[in-house]
Amino acid sequence: MYDLVIKNGTLVNADSTVFADIAVSGEQIAAIGKDLPGRREIDAEGKLVIPGGVDTHVHLSLDLGGPIVSSDDFFSGTRAAAFGGTTTVVPFIHPGAGKSVKEAFNERRNEAEGHVTVDYGWHMNIGPDAFSGPGKLRTLVEETLALGIVTFKLYMAYGYRLDDVQLFQALEAVGKAGGLSVIHAENWDLISLLVNRAVAAGETHPRFHERCRPAIFEAEAAAKVIAMAEYLACPVEIFHIGNRAVAEVIAAARRRGTAAFGETCPQYLFLTTDAFEREGVEGAYPVCSPPIRSEEERQAMWSAIAADDLQIVATDHCPFTRELKEEGLAKGFQSIPGGVPSMEMRMASIYSHGVASGLLSPQRWVSLCCATPARLHGFDRKGVLAPGFDADIVIFDPLKEHTLSAETLHEKCGWTPYEGLELKGAVETTILRGNLVTDGGEYCGERGMGRYIHRSGIDGRLR
Ligand code: URP
Ligand code: ZN
Ligand code: ZN
């Protein structure tokens, strides 16, 4: 007798679909088969049963200085994730100057532990401070790996940005240690030039956020970092891709045999620059970096995930309150804090406009949102429905129609740039290591039930 059996569902993995029961013992999947007996049974007839979503790019309590902190904390963010069918998230550690890796880790861990309602790992940021003394970079990478963190974010923008030599050395150190570098690829110097010119010309409108960040410069930055990764023979993932020029850079590198991967996010699949023309603060809501683009580019992102030119749909979830967006807007487009909420709508929206519309297979959906992010980021017991894997399971109703609204979403910011978006397909039940977190729109989890996942490496065979 198993602890829990989900009966009669359509089980979807990245590489197969079967009609079967799935049984859970303790925290793990114990069996997949017919007529499995359970102390507790859930009937999933007519439903899809998929691995819990894995969102390998979220910002929780991101501190941009002073009062500018992203609005979802570790409880509100992970609870929203669970409502949306995501059971593993990866936020960030940014060790400040003068802080050891262990101190930075403990600080962030204290923010998360006791509050998270899904499992989580961390990305470690390698900033310019890692180059301020001999051996510092190597120590940072070694100490990070010892803490079970195998993914490192390298920025080519903002104050954390690395110059070319630093970028090369960071990629090399991470690659040699068996980790994965994830990259924010933009050309900061040229963006700064164009922003300064626009500001000097008196431009303030949010539309200038996109106009000052030409897609072709983003592609140039991505090509540069991929050239370095190719030379060093180390894997690399470009984060938040929203235009065809960058997707083509990834696709071309992969054709050459480079272990290059690309992530896109719902904002690039559902929003266009038209959103900047919305009234007042609504036009500031969609400001994020890299920016959302034209309708043509939006459609190109759907083609890219269908063609495997891009391999992951994560979210870059990073909303700020209406007040913070308003304060930024009052100073001009360059001061609007960047980021949108997408964590809760990711799984259902990609199903609806990808699978239900006929563009993606259900397996491709699971590959993009669960299996590939888990495997590439070293979560070796996540993202797959098979005995021995964590019993992170989502029961998904493929026929339920609903409309996205801030009124019903659980993210804390109180707004969504997807207001009114109609979806076919909804998360019904989210299970984390055998425990129900949400069911039928009700939260039934416990604050703190999520667990830190210590990772030992990434799958070097991944292509
Ligand atoms: O505008 C965005 N995306 N903010 C989050 C930070 C980042 O660059 O990923
Ligand atoms: Zn970024
Ligand atoms: Zn981000």
Side-chain angles (χ1 to χ4, degrees), residues 55-65 68-72 77 81 89-94 108 120-127 151-162 167 170 180-188 191-192 195 206 208-210 212-213 215 217-218 221-222 225 236-243 246 261-271 273 275-276 283-293 301 310 312-321 324-325 328-329 333-343 346 373 377 411 413 415-417:
D55 189 344
T56 43
H57 186 175
V58 307
H59 297 277
L60 297 173
S61 301
L62 173 70
D63 187 349
L64 294 186
I68 308 182
V69 180
S70 68
S71 58
D72 274 312
V89 297
V90 190
F92 294 78
I93 298 176
H94 296 269
R108 285 296 265 170
Y120 70 104
W122 298 106
H123 298 300
M124 182 62 73
N125 176 229
I126 300 182
T151 48
F152 295 80
K153 185 160 186 188
L154 317 182
Y155 284 88
M156 299 167 79
Y158 314 127
Y160 311 118
R161 73 185 174 283
L162 304 180
L167 193 58
L180 173 73
S181 294
V182 297
I183 314 292
H184 182 119
E186 288 192 294
N187 185 319
W188 187 248
I191 290 169
S192 302
V195 168
F208 283 88
H209 175 70
E210 190 267 342
C212 293
R213 301 173 111 94
F217 295 169
E218 211 182 307
V225 74
V236 69
E237 179 185 354
I238 307 294
F239 265 0
H240 38 42
I241 296 171
N243 70 75
V246 181
F261 302 86
E263 167 208 270
T264 190
C265 312
Q267 49 271 37
Y268 307 115
L269 295 161
F270 289 95
L271 302 176
T273 46
F276 295 132
Y285 285 157
V287 166
C288 61
S289 297
I292 52 173
R293 305 280 180 188
M301 292 304 94
L310 300 178
I312 288 179
V313 179
T315 62
D316 193 12
H317 178 89
C318 190
F320 292 87
T321 58
L324 288 174
K325 288 270 185 184
L329 179 61
F333 72 92
Q334 74 289 355
S335 300
I336 300 168
V340 297
S342 301
M343 197 144 78
R346 177 183 70 130
H377 289 253
E411 295 148 343
C413 61
W415 56 271
T416 174

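Sequence positions, counted from 1, serve as the residue numbers for this chain. Keep in mind that this is a model prediction, so the values were computed, not measured. Atoms within each ligand, like the ligands themselves, are counted from 1 in listed order.
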Shortest protein contact, atom 3 (N) of ligand 1 (heavy atom only): Asp316 OD2, 2.6 Å

message: With a 3.5 Å distance limit and no angle check, can you tell me whether Tyr268 reaches the backbone of Pro290 through a side-chain donor-acceptor pair?
response: yes

query: Under 4.0 Å from any heavy atom of Tyr158, which atoms of ligand 1 are there?
result: 8 (O)

- prompt: Is there an N/O/S atom in His57 at a distance below 2.8 Å from the Zn ion (ligand 3)?
  reply: yes

query: Against heavy atoms of Cys288, which atoms of ligand 1 measure under 4.0 Å?
result: 1 (O)

- prompt: Is there an N/O/S atom in Phe239 at a distance below 2.8 Å from the Zn ion (ligand 2)?
  reply: no

field: ligand 1 atoms in contact with Gly339 (distance to a heavy atom under 4.0 Å)
entry: 1 (O)

query: Relative to the Zn ion (ligand 2), which of the N, O or S atoms in His240 is the closest?
result: NE2

- prompt: Do His377 and Glu237 get their side chains close enough for a donor-acceptor pair, meaning under 3.5 Å?
  reply: yes

- request: Quick one: pull up CZ in Arg161 and CH2 in Trp188 and give me the separation to the nearest 0.5 Å.
  value: 7.0 Å

message: Looking only at N, O or S atoms, which one in His184 sits nearest to the Zn ion (ligand 2)?
response: ND1

- line: Pro319 and Trp415 have their tightest heavy-atom pair at CB-CZ2, 4.2 Å

task: Going by the side chain to side chain donor-acceptor pair (under 3.5 Å) test, name the single residue among Glu218, Gln267, His184, Glu186 that passes it with His240.
output: His184

- prompt: Which of the numbered atoms in ligand 1 are below 4.0 angstrom from a heavy atom of His184?
  reply: 7 (C), 8 (O)

- prompt: Against heavy atoms of Gly338, which atoms of ligand 1 measure under 4.0 Å?
  reply: 1 (O), 2 (C), 4 (N)

Test of proximity, His59 against ligand 1: N or O pairs below 3.5 Å: yes

query: At what distance is the nearest protein heavy atom to atom 1 (O) of ligand 1, and which residue and atom is it?
result: Ser289 N, 2.8 Å

field: Numbered atoms and elements of ligand 1 in range of Cys318, under 4.0 angstrom, heavy atoms
entry: 5 (C)

- line: For Gly283 and Pro206, the nearest pair of non-hydrogen atoms, with its separation, is O-CB, 3.3 Å

- prompt: Is it true that some N/O/S atom of His59, main chain or side chain, lies under 2.8 Å from the Zn ion (ligand 3)?
  reply: yes

message: If I compare all heavy atoms of Met156 with all of Ala221, which pair ends up nearest, and what's the gap?
response: CE-O, 3.5 Å

Shortest non-hydrogen separation from Glu210 to Ile292 and the atoms involved: CG-O, 3.2 Å

- prompt: Just which atoms of ligand 1 are under 4.0 Å from any heavy atom in Lys153?
  reply: 7 (C), 8 (O), 9 (O)

Side chains of His317 and Asp72, donor plus acceptor under 3.5 Å: yes

statement: Between Ala81 and Met343 the two heavy atoms that sit nearest each other are CB-CG, 3.9 Å

- prompt: Which atom, counting only N, O or S, brings Asp316 closest to the Zn ion (ligand 3)?
  reply: OD1

